[in-house]
Amino acid sequence: MYAEPFTHPALFYRGDREYTAAVAGFVRDGLAVGEPVAVAVPGAKLELLRRELGPAAECVLMLDMTAEGRNPGRIIPAVLLDFADRHRDDRVRIVGEPIWPGRSDVEYPACAQHEALINVAFSGRPLTILCPYDADGLDPEVLREAELTHPVLCDADGERPSPRYAPHAVVEGHNRPLGDPADHVALRFDRGDLAGARALAADAAAGMGFTGDRLDDIRLVVAELGANSLDHGGGAGLLRVWREGDRLVCEVGDTGHITDLLAGRRPVAPHIAGSRGLLIVNLLSDLVRIHTRAGATVVRAYFDVPPAKV
């Protein structure tokens, strides 16, 4: 069905019956030829596929994308590459559904950029990643952008090349200024007061109910973003912290420019030297948004506020 070393089809489906038939068929075809298979889709769809696959589901790594991919920036390193790298001697087959009805407007640009960057991260590897799209439940603009991020399109009528395939246009199209928060606390920092930036974020987080390991995660994320500013962003930065709905937002801006499209999306072995700052930020945050250009970079890390204790 797919001839290239790496293939990345989008599946436009309508209704659960069409979804389960197409996705389960894709999974069974992989198992039949001995390919390792992983499925990372929202939890409700995961249960549909488990029922459809029956005992064959035991041969598949099944992941809830609403948890594993809550931050689209962690899907490539923590889900897709993690599975593919464990099976380097095999052709691998993955179902990944990072965009579903209910994703918020603030999340969607990161999702679209993720879909585009899959093509960069896996170019030349023996791998197929099938990405289902709910053609009834998603905005038509989302479906149009899927045609830009996927070289192959599939639906009930069959498979065809995407005439609009242009993933880099999607990466750059969503690389937009993020706007200013109305109500926030801020601190300009340099090498002398990075600890003050961590403390500012931690105090705000504690006031919103964060405790324990999650509070430590926020400290670490701000520390890593601050260290990136000191090392790569002109030696100083601006931290801004605020609450946005049910999320804490920690933003660090500086004068650097991120030119590596896969920065923060490559797993790094412990014995290999090099920066892991953005990777740590992607792994620990519930959402990450970035705007970068020559002379200015802003990184926003979002954390879901814990429910209030009764």
| query | Could you go step by step and tell me if His150 and Glu145 meet the side chain to side chain donor-acceptor pair (under 3.5 Å) rule? | reply | CA-CA 9 Å; His150 296 78; Glu145 285 210 318; over 6 Å; no
| said: Does Val249 form a side-chain contact (heavy atoms from CB on, under 4.5 Å) with Val241? I'd like the steps, not just the answer. | reply: CA-CA 6 Å; Val249 187; Val241 181; over 6 Å; no
| field | Closest non-hydrogen atom pair between Ala205 and Leu215, with its separation | value | CB-CD1, 3.6 Å
| query | Under the 4.5 Å side-chain heavy-atom rule for ILVMFWY, direct or indirect, which residues accompany Leu138? | reply | Phe12, Ile99, Tyr108, Tyr133, Val142, Leu143, Leu153
| query | Does one hydrophobic cluster hold both Leu287 and Leu278, with members joined at side-chain heavy-atom distances below 4.5 Å? | reply | no
| request: Quick one: do Leu279 and Arg266 satisfy side-chain contact (heavy atoms from CB on, under 4.5 Å)? Show the steps, please. | output: CA-CA 7 Å; Leu279 176 62; Arg266 294 187 186 92; over 6 Å; no
| note | Contacts of Asp286 meeting salt bridge (Lys or Arg N to Asp or Glu O under 4.0 Å) (sequence neighbours excluded), chain-then-number -> Arg70, Arg214
| task | Compare all side-chain heavy atoms of Val171 with those of Glu115 and state whether any distance is below 4.5 angstrom. | result | no
| Close side-chain approach of Leu284 to Leu220, heavy-atom, < 4.5 Å | yes
| Charged N to carboxylate O below 4.0 Å: is that the case for Glu141 and Arg144? | yes
| said: Among residues at least two apart in sequence or on other chains, which ones pass side chain to side chain contact (heavy atoms under 4.5 Å, CB included) with Ser123? | reply: none
| Basic-acidic side-chain contact under 4.0 Å: Arg51, Asp16 | no
| request: Apply salt bridge (charged side-chain N to carboxylate O under 4.0 Å, His left out) to the pair Glu107 and Arg247, showing each step before the final yes or no. | output: CA-CA 12 Å; Glu107 293 169 337; Arg247 282 173 167 159; 2.7 Å; yes
| query | Side chains of Met208 and Ile218: closer than 4.5 Å at any heavy-atom pair? | reply | no
| request: Would you mind reporting whether His168 and Asn119 have side-chain heavy atoms less than 4.5 Å apart? | output: no
| query | Does atom NE2 of His257 have more than 12 heavy-atom neighbours from other groups under 6.0 Å away? | reply | yes
| remark: Looking only at heavy atoms, the pair that brings Ser285 and Val221 closest together is OG-CG2, 4.0 Å
| task | Look at the side-chain heavy atoms of Ile, Leu, Val, Met, Phe, Trp and Tyr, link any pair under 4.5 Å apart, and say whether Leu130 and Val60 land in one connected group. | result | yes
| request: Say whether Ile258 and Ile280 are linked into one hydrophobic cluster, either directly or through other cluster members, by side-chain heavy-atom distances under 4.5 angstrom. | output: yes
Side chains of residues 178-190: which donor-acceptor partners sit under 3.5 Å, not counting sequence neighbours?
from: Asp180; atom 1: OD1; to: Arg240; atom 2: NH1; distance (Å): 3.3
from: Asp180; atom 1: OD1; to: Arg240; atom 2: NH2; distance (Å): 3.2
from: Asp190; atom 1: OD1; to: Gly192; atom 2: N; distance (Å): 2.9

| field | Residues forming a side chain to side chain contact (heavy atoms under 4.5 Å, CB included) with Asp64, sequence neighbours excluded | value | Leu46, Thr66
| task | Output, in order, the C-alpha distance, side-chain angles, deciding distance and verdict of side chain to side chain donor-acceptor pair (under 3.5 Å) for Tyr13 and Asp136. | result | CA-CA 8 Å; Tyr13 67 89; Asp136 289 330; over 6 Å; no
| message | A quick test of your reading: do over 12 heavy atoms of other residues, nucleotides or ligands sit less than 6.0 Å from CG of Asp246? | response | no
| query | Should the pair Arg160-Asp155 be classified as a salt bridge under the 4.0 Å nitrogen-to-oxygen rule? | reply | yes
| Just wondering, more than 12 heavy atoms not from Asp213 lying within 6.0 Å of its CG? | no
| Minimal non-hydrogen separation, Tyr19 against Pro132, with atom names | CE1-CB, 3.7 Å
| What heavy-atom pair brings Leu127 and Arg91 nearest, and what distance separates the two atoms? | O-NH2, 3.3 Å
| task | Can you establish whether the number of heavy atoms outside Asp260 located under 6.0 Å from its atom CG is more than 12? | result | yes
| request: Could you pull out the closest heavy-atom pair between Pro9 and Cys154, with the gap in Å? | output: CB-SG, 3.9 Å
| query | Out of curiosity, does Met65 fall in the hydrophobic cluster containing Ile129 (side-chain heavy atoms, cut-off under 4.5 Å, transitive links)? | reply | yes
Return all side-chain donor-acceptor pairs below 3.5 angstrom for residues 71-79, not counting sequence neighbours, or 'none' if the list is empty.
from: Asn71; atom 1: OD1; to: Gly73; atom 2: N; distance (Å): 3.1
from: Asn71; atom 1: OD1; to: Val288; atom 2: N; distance (Å): 3.1
from: Asn71; atom 1: ND2; to: Asn282; atom 2: O; distance (Å): 2.9
from: Asn71; atom 1: ND2; to: Asn282; atom 2: OD1; distance (Å): 3.2
from: Arg74; atom 1: NH1; to: Glu68; atom 2: O; distance (Å): 2.6

| Transitively linked via ILVMFWY side-chain contacts under 4.5 Å: Tyr302 with Leu238? | no
| Is any side-chain heavy atom of Leu239 closer than 4.5 Å to a side-chain heavy atom of Leu200? | yes
| Between Glu159 and Val152, what is the shortest heavy-atom contact and its length? | CG-CG1, 3.5 Å
| task | Please tell me if the side chains of Glu251 and Trp242 come closer than 4.5 Å, counting only heavy atoms from C-beta onward. | result | yes
| query | Is the closest side-chain heavy-atom distance between Cys250 and Arg300 below 4.5 Å? | reply | no
